[in-house]
Amino acid sequence: MRLQSQDSCRTTLHAICLAAAFAFPLSAQTADWTAAWTAPPIGYEPQIRDALGRPFSDETARQLVRVGTAASELRVRLTNELGEKPVRIGSASIMRVDAEGKPIPDSLTTLSFGGEPSVTIPARAPYLSDPVPMALDAGETVSVSIYYPDEAAPPAHAQMLDVVSGDMSETALWSGSKRVRAPGIVSGIDVTGAEQTRLLVAFGDSITEGAGASDAQTTSWPAQLARLLAANGGTDCWAVVNAGISGNRLLHDGRGPNAVSRFDRDVLAVPGVTHAVLLEGINDIGEITDPARTWQSVTAEQIIGAYEQLLARAHARNVKLIVGTLLPYEGAAYASAEGEEKRQRVNGWIRQNAGRFDGLIDFDRAMSELGDPSVMRLAEQIGDHLHPNDAGYTRMAQTALPVLQNERCPAG
């Protein structure tokens, strides 16, 4: 094989660099991206409550997302990471909406993927849109419209979506749409121009996702914590995203992949992550009564072993891991005396090993009923003895705040 001359190599490299510059906008090459919203994929759920109950087909789905961080530019992350076959996106758009969900005039913007209006997402892969200039304040809502020209059942996180026939991605106001629970293929919004320099990923199950809250995007404990941090002059450099999955477990797949398997994707790979809060394990402790699943019962030592794994992996990536104690659950449908003993042993280990973590949030003590510590505060739960209500989530956020205040923002 004949070797190229040095000048020829320089010419070839120059051409490659020029091609790359045109293929990828400058902002995509140089921007510091920070996650402003996440929704980890959990798989296709056609039988979930209020479900569409079938794949999309020649339909447009519109997904509302509350962006937690101010931005000057954003990109949309789509997920097919749990899919076994490709998913074709015919077209897509994003627009700002007001507090009532109505379109803000002239804000609808077409999304592109490598400069093209459509894309086929490979099996077991995510896909990022090209960057979109869009000025947003923290707490604003955007809607993302995805047109599926083929039959598609994305294995994403079920969301309440508006669905309409045909390609309506370029139409701001829809008529004849139906509101149903269906796969929300948008799994993340990343932004540039954010002033926040610390990003906390809240990692857990339904108590982190916000089950029982009046509006999980605004009254879950991570959402309330984000507002508390922003309102405090010493902690306004923090941003918070929610990577909770209702029904998730540490060691066995339940609703979504088990936490030990999804931690790298849903925490360590999140753009800009600096810290994470780990609050998971109560679904592993909950009593399993189905004889076909009793092999999934775990010991307190196995739960502790999972914590050890996540701690080691976080520190290997220079991500600080804050741990939360497991909340009281006596009276819950899957509570048992054996399970309570496991919870006490796990919480005891967490407190004894708090110095190995980068912070401890004692949610257990904060949410215990006065005089009956194995029961969640009766006035601050939804009645199932497992999930807090809005007031309970407020208490959780207030309990977490001092731990993060220990790491005050840089002066200036």
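Judged by distance alone, the side chain of Asn80 and the main-chain N or O of Lys85 form a donor-acceptor pair under 3.5 Å. A distance-only check finds a donor-acceptor pair linking the side chain of Arg377 to the backbone of Ala366 [under 3.5 Å]. Side-chain N or O atoms of Glu209 include one that pairs as donor or acceptor with a backbone N or O of Ser246 at under 3.5 Å. Counting only distance, with no hydrogens or angles, the side chain of Gln381 and the backbone of Gly383 share a donor-acceptor pair below 3.5 Å. Side-chain atoms of Tyr393 come within 3.5 Å of backbone N or O of Ala211 as a donor-acceptor pair. Side-chain atoms of His157 do not come within 3.5 Å of backbone N or O of Ile42 as any donor-acceptor pair. At distances below 3.5 Å, not a single donor-acceptor pair connects side-chain atoms of Lys320 with backbone N or O atoms of Gly359. Looking only at distances, a side-chain donor or acceptor of Arg343 sits under 3.5 Å from a matching main-chain atom of Leu326. Judged by distance alone, with hydrogens and angles left aside, the side-chain atoms of Thr109 form a donor-acceptor pair with the main-chain N or O of Ser107 at under 3.5 Å. The main-chain N or O of Ser169 is never found under 3.5 Å from a side-chain atom of Ser145 such that the two would form a donor-acceptor pair.
Residue Phe357 places its CZ atom among more than 12 non-hydrogen atoms of other residues, nucleotides or ligands, all under 6.0 Å distant. Taking a 6.0 Å sphere around CZ of Arg49, one finds it holds 12 or fewer heavy atoms contributed by other residues, nucleotides or ligands. Atom CG of Asp106 has 12 or fewer neighbouring heavy atoms from other residues, nucleotides or ligands inside a 6.0 Å radius. Annotation: Gln302, atom CD; neighbour count of heavy atoms from other residues, nucleotides and ligands within 6.0 Å is above 12.
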Exercise. Determine, step by step, whether Gln224 and Thr219 satisfy the side chain to side chain contact (heavy atoms under 4.5 Å, CB included) criterion, reporting the C-alpha distance in whole Å, the side-chain angles of both residues, the deciding distance to 0.1 Å, and the verdict.
Key: CA-CA 6 Å; Gln224 295 197 56; Thr219 58; 4.1 Å; yes
Self-check item: Full working for side chain to side chain contact (heavy atoms under 4.5 Å, CB included) between Gln217 and Thr141
Solution: CA-CA 10 Å; Gln217 292 207 55; Thr141 300; over 6 Å; no
Practice problem: Go through Val298 and Leu250 one step at a time and tell me if the side chain to side chain contact (heavy atoms under 4.5 Å, CB included) criterion holds. | Solution: CA-CA 10 Å; Val298 301; Leu250 275 168; over 6 Å; no
Quiz item: What do the steps show when you test Tyr148 against Ile89 for side chain to side chain contact (heavy atoms under 4.5 Å, CB included), and what is the final call?
Solution: CA-CA 5 Å; Tyr148 298 96; Ile89 307 300; 3.9 Å; yes
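With no hydrogens or angles considered, no side-chain donor-acceptor pair links Arg75 and Ser129 at under 3.5 Å. Donor-acceptor pairing under 3.5 Å is lacking for the side chains of Ser336 and Glu338. Between the side chains of Thr235 and Gln405, no donor N or O sits under 3.5 Å from an acceptor N or O. Under the 3.5 Å distance criterion, with hydrogens and angles disregarded, a donor-acceptor pair is assigned to the side chains of Thr110 and Glu170. Donor-acceptor pairing under 3.5 Å is lacking for the side chains of Ser177 and Asp162. No side-chain N or O of Arg255 forms a donor-acceptor pair with one of Asn283 less than 3.5 Å apart.
Across Arg262 and Gly204, no two heavy atoms sit closer than the pair NH2-O, 3.0 Å. Nearest heavy atom pair, residue Asp358 against residue His315, reads OD2-NE2, 2.7 Å. What you find for Gly331 and Ala335 is that their closest heavy atoms are N-CB, 3.9 Å. The two atoms that bring Ala125 and Ile121 nearest to each other are O-CG2, 3.4 Å, heavy atoms only.
Exactly one residue among Val87, Val163, Ile146 makes a side chain to side chain contact (heavy atoms under 4.5 Å, CB included) with Phe56. That residue is Val163. Of the options Leu327, Val323, Asn347, a side chain to side chain contact (heavy atoms under 4.5 Å, CB included) to Phe363 is made by Leu327 and by none of the others.
Salt-bridge annotation for Glu308 and Arg356: present, with a side-chain N of the basic residue lying under 4.0 Å from a carboxylate O of the acidic one. Between Arg249 and Glu280 there is no salt bridge, since none of the side-chain N atoms of the basic residue sits less than 4.0 Å from a carboxylate O of the acidic one. With salt bridges taken as basic N to acidic carboxylate O contacts below 4.0 Å, one links Arg351 and Asp362. In this structure, Asp264 pairs ionically with Arg313, as a charged nitrogen and a carboxylate oxygen lie closer than 4.0 Å.
Residue Leu279 holds its CG atom at 5.5 Å from CE of Met396, rounded to the nearest 0.5 Å. Atom CG in Leu311 sits 9.0 Å away from atom CG in Leu278 (nearest 0.5 Å). For the atom pair OG1 (Thr79) and CD1 (Ile185), the distance works out to 7.0 Å, reported to the nearest 0.5 Å. The line from CZ of Arg181 to CG of Leu52 is 12.5 Å long, rounded to the nearest 0.5 Å. Distance check, rounded to the nearest 0.5 Å: CG of Asn248 to OG1 of Thr208 gives 10.0 Å. Phe113 contributes atom CZ, which lies 8.0 Å from atom CG of Asp130 (distance to the nearest 0.5 angstrom).
Under the side-chain hydrogen bond (donor to acceptor under 3.5 Å, both in side chains) criterion, Arg395 pairs with Glu380, sequence neighbours left out.
Side-chain contact between Ile94 and Leu74 is present, with at least one heavy-atom pair separated by less than 4.5 Å.
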